[in-house]
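Structure record follows, encoded as structure tokens.
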2 protein chains.
Amino acid sequence: MTTHAQPRTRWPELGHAGGLVLLELLLHGAQSRVRLAENVGLSRASLSRIARELLDLGLVVEGDVELRESRGRPPETLHLRPEAAHFLGVKLTGDTLYAVVTDLSARVVEQRAVPLPSRGVDTVVALLTEVAADLSAGATAPVAIGICLAGDVLRSGPDLVVRRSSFLGWNEDVPLAALVGPATGLPVTVSNDVHALTAAHHWFGSGVAYEPLVVYGLGAGIGSGVVVGGELLEGAHGRTGRIGHLRVGGTGRVCENGHDDCVHSFVTIPSIEFNAGVAPGDYATALRRARAGEARAVDAFRRAAFALGGIIAESVNAFDPQMVSVMGEGRDMLDIAPQELRRALLEYLEQGDVDEVRIERPPFDFSLYARGAAVSAMRALLAG
Amino acid sequence: MTTHAQPRTRWPELGHAGGLVLLELLLHGAQSRVRLAENVGLSRASLSRIARELLDLGLVVEGDVELRESRGRPPETLHLRPEAAHFLGVKLTGDTLYAVVTDLSARVVEQRAVPLPSRGVDTVVALLTEVAADLSAGATAPVAIGICLAGDVLRSGPDLVVRRSSFLGWNEDVPLAALVGPATGLPVTVSNDVHALTAAHHWFGSGVAYEPLVVYGLGAGIGSGVVVGGELLEGAHGRTGRIGHLRVGGTGRVCENGHDDCVHSFVTIPSIEFNAGVAPGDYATALRRARAGEARAVDAFRRAAFALGGIIAESVNAFDPQMVSVMGEGRDMLDIAPQELRRALLEYLEQGDVDEVRIERPPFDFSLYARGAAVSAMRALLAG
DNA sequence: ACATTTTGTTCCACGCTGGCACAAAATGAC
DNA sequence: GTCATTTTGTGCCAGCGTGGAACAAAATGT
């Protein structure tokens with residue numbers, strides 16, 4: 001009956017079916033009640049009830065009457081009201097805390113990049129709390145927090161625990177969610193960064209509707225996430241998709257395990273820099289030289305593309321995905337040496353399958369990691 | 001009220017909760033009502049109703065009163081009544097049709113091995129129908145049929161389609177379930193053989209309670225199956241777990257893709273025979289020579305163990321399983337060269353993780369494939 | 001004999017669901 | 001313009017499965 005025009009400061013308790021309807025709207029956009037009912041498998045009667053509830057909560061609004069070519073009463077389309085709730089997403093790196101606030105449609109409405117004064121757990125938690133408080137002041141106060149970082153996140157009972165994070169120098173398991181939750185008073189989700197990216201890509205990116213879906217995050221390291229049955233694979237210890245130590249032959253940069261011929265030795269940004277013969281951290285130069293056709297740089301990217309093709313083939317063999325999405329700031333080998341990637345697929349896959357593998361290169365921006373964390377928080381609320 | 005002592009000839013329609021209780025009994029054995037209620041997440045009241053229904057259907061019986069040390073009324077344990085229903089499982093190879101009939105506890109009560117007169121689709125379907133009719137005569141008439149074979153099984157709409165099976169010489173997709181179902185009048189499930197083995201091992205073998213679970217089937221080829229979230233990974237085209245073309249270095253038998261350094265080149269029985277220098281088909285001699293310490297045979301098994309370690313490492317990296325089970329008639333490298341397997345794990349995994357990987361070698365018999373098919377049929381009934 | 005503890009069962013209210021009938025809002029035929 | 005037709009949205013109601021509460025049952029301990 002009443003329609004609340006203000007954003008919510010707390011996430012309401014939704015029934016299972018309510019969450020389902022919202023999810024359907026998130027995934028496939030505005031729809032009429034009848035189509036929604038079909039898609040989530042409910043009767044029109046039930047859907048009418050739920051729509052009423054969501055309208056009253058202000059999570060959904062009635063859109064324009066859709067003009068149809070056929071006869072009959074025109075359907076009233078239901079739209080998500082994106083500004084109804086906001087979520088804080090954080091990506092932690094070794095030196096910076098990237099924070100975004102997104103709305104219900106995962107659009108970024110606020111953004112921060114705060115340098116880390118130190119890597120101590122206390123410092124990080126304090127900084128997180130401060131940023132959360134800062135971003136809770138305005139009209140887009142978040143209702144939940146998602147945090148992601150490059151590392152293993154274990155589920156230990158109800159707690160989400162960060163396992164010894166090398167780049168943060170945390171030698172012990174850190175129950176990050178249990179520390180940040182009470183400090184901010186908001187529900188907190190912690191996840192691996194590429195897993196978060198994967199969730200966001202599956203829900204809001206072009207990865208919608210592909211299942212299984214495999215997402216790669218290429219950058220300082222290699223990560224991957226897999227969605228099967230609408231859920232992110234978590235594994236026994238939150239360590240799925242760590243496919244970076246496949247040996248592909250050749251000689252490259254020595255990885256932290258002491259290999260000089262594994263995927264890490266060729267695909268990561270530090271490896272490309274090393275193999276291209278530029279100074280550590282000077283990826284831009286390696287890229288420029290490769291584009292100019294300089295032999296050594298081109299070769300570094302070609303070998304990166306071949307190695308990437310190797311692990312893509314492995315994940316195709318393992319997961320049989322409908323789509324493989326390559327993301328991250330270090331995926332330029334896709335443009336520079338696509339034929340090498342294809343060569344690797346031919347090498348590692350059974351012949352007939354190569355053309356059935358769908359690989360995409362969605363738009364990428366580093367803030368997508370933080371956005372992914374926000375989406376993970378959103379997902380946790382919709383699921384539970 | 002009434003207890004039917006006879007085996008069922010048709011599977012009853014069970015509610016969702018009823019299937020859940022039965023599943024719990026299958027997985028963890030006899031239990032009291034209260035424990036069952038806790039384990040499946042129902043109230044005692046609801047569980048009492050369901051237990052009554054299952055008792056009336058004759059699927060479950062009340063066992064002895066369990067004597068407890070503590071005070072209070074002793075619980076009445078519920079047991080599965082294994083003879084209440086039977087299932088036909090078939091494993092198809094290039095020359096033989098292996099059939100078993102199992103009861104509800106997956107115990108094999110009948111067994112057949114019928115030579116295939118020819119590999120034509122019609123012949124196979126006719127033979128399947130004949131075997132089904134033969135085994136339906138006795139007191140253990142099956143209520144459903146499961147068929148498995150070494151190949152890809154696609155789900156095309158409601159149909160289960162066998163994709164061009166090389167060893168059967170089927171060049172086209174064959175809708176095997178749609179052919180056998182009407183001919184026998186029973187519900188039919190078709191699956192990959194190692195997937196069927198995996199399902200059975202997860203439900204009835206030592207793989208119970210491990211999740212994710214990865215199962216390898218080593219024999220004429222290599223297959224693997226993965227269970228995540230209680231479900232077998234199916235993938236987009238029923239082709240998950242095909243991890244056999246990883247390149248591990250060295251030189252072995254040339255596989256069908258033209259590689260001489262991939263896992264197939266070392267792990268399959270034909271490869272071991274070739275690499276050991278014995279006649280094709282004479283695996284027994286290779287095994288005997290290796291056990292006697294003959295250098296070339298030992299080397300073949302060592303390289304097989306190393307290659308196996310490589311793919312096990314890959315699946316650990318990909319799926320983060322709690323348990324890896326190695327099955328199949330060609331897994332002797334586990335005994336002959338265990339240190340080579342460990343060396344491969346050290347090579348392909350991150351150091352700290354090697355000791356956390358749990359690898360088991362459950363009892364194996366070739367009839368387990370057919371049993372697995374029967375279990376797949378059972379699972380389909382419980383799920384739907 | 002009686003309190004205590006734990007299990008199994010019956011009763012009943014609650015919530016969610018879908019079928020049905022009906023209202024609402026458009027088009028098309030006349 | 002009126003009326004049949006078509007499709008959408010909603011109110012009503014019976015049905016189903018569920019869990020809480022009370023109670024019966026079967027053991028132990030005092």
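Here is the naming used below: chain letters follow the sequence lines, and residue numbers restart at 1 for every chain.
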Nearest whole Å is fine: how far is [N] [atom2] from [X] [atom1]?
X       : N      : atom1 : atom2 : result
A:Arg44 : C:dA23 : CZ    : C1'   : 12 Å
A:Arg49 : C:dG19 : CZ    : P     : 13 Å
B:Leu20 : D:dG17 : CG    : C1'   : 14 Å
B:His16 : C:dC16 : NE2   : P     : 17 Å
A:Leu47 : D:dT10 : CG    : P     : 10 Å
B:Leu55 : C:dG8  : CG    : P     : 12 Å
B:Glu53 : C:dT9  : CD    : C1'   : 16 Å
B:Ile50 : C:dT9  : CD1   : P     : 13 Å

Hey, is [X] close enough to [Y] for a salt bridge, meaning N to O under 4.0 Å?
X        : Y        : result
B:Glu62  : B:Arg81  : no
B:Arg358 : B:Glu360 : no
B:Glu76  : B:Arg73  : yes

Next item on the list: Assign each of A:Gly72 and A:Ala17 to its nearest nucleotide of DNA chain C by heavy atoms, then name whichever residue's nucleotide is nearer the 5' end.
Entry: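 The 5'-side residue here is A:Ala17.
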
Margin query: As a test of understanding, state which of B:Leu186, B:Thr102, B:Leu135, B:Val100 forms a side chain to side chain contact (heavy atoms under 4.5 Å, CB included) with B:Leu88.
Written below: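 Looking at B:Leu186, B:Thr102, B:Leu135, B:Val100, the match for B:Leu88 under the side chain to side chain contact (heavy atoms under 4.5 Å, CB included) is B:Leu135.
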
Quick check on [N]: is either OP1 or OP2 less than 4.0 Å from any side-chain nitrogen or oxygen of [X]?
X       : N      : value
A:Ser43 : C:dT17 : no
A:Arg33 : D:dT10 : yes
B:Ser46 : D:dG19 : yes

Margin query: Side chain of A:Arg71 only, heavy atoms from C-beta on: which candidate in C:dT27, D:dT8, D:dA22 is closest?
Written below: C:dT27

Margin query: Check this for me: does the side-chain of A:Arg73 come within 3.5 Å of the base of D:dT7 through a donor and an acceptor?
Written below: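 Checked by distance alone, the answer is no.
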
Next item on the list: Quick one: pull up CG in B:Leu154 and CG in B:Asn192 and give me the separation to the nearest 0.5 Å.
Entry: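 If I round to the nearest 0.5 Å, the distance is 11.0 Å.
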
Notebook entry, point to check: Given that B:Leu42 and A:Ala45 both sit by DNA chain D, which one's nearest nucleotide is further toward the 5' end?
Noted result: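 It is A:Ala45, whose closest nucleotide lies nearer the 5' terminus.
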
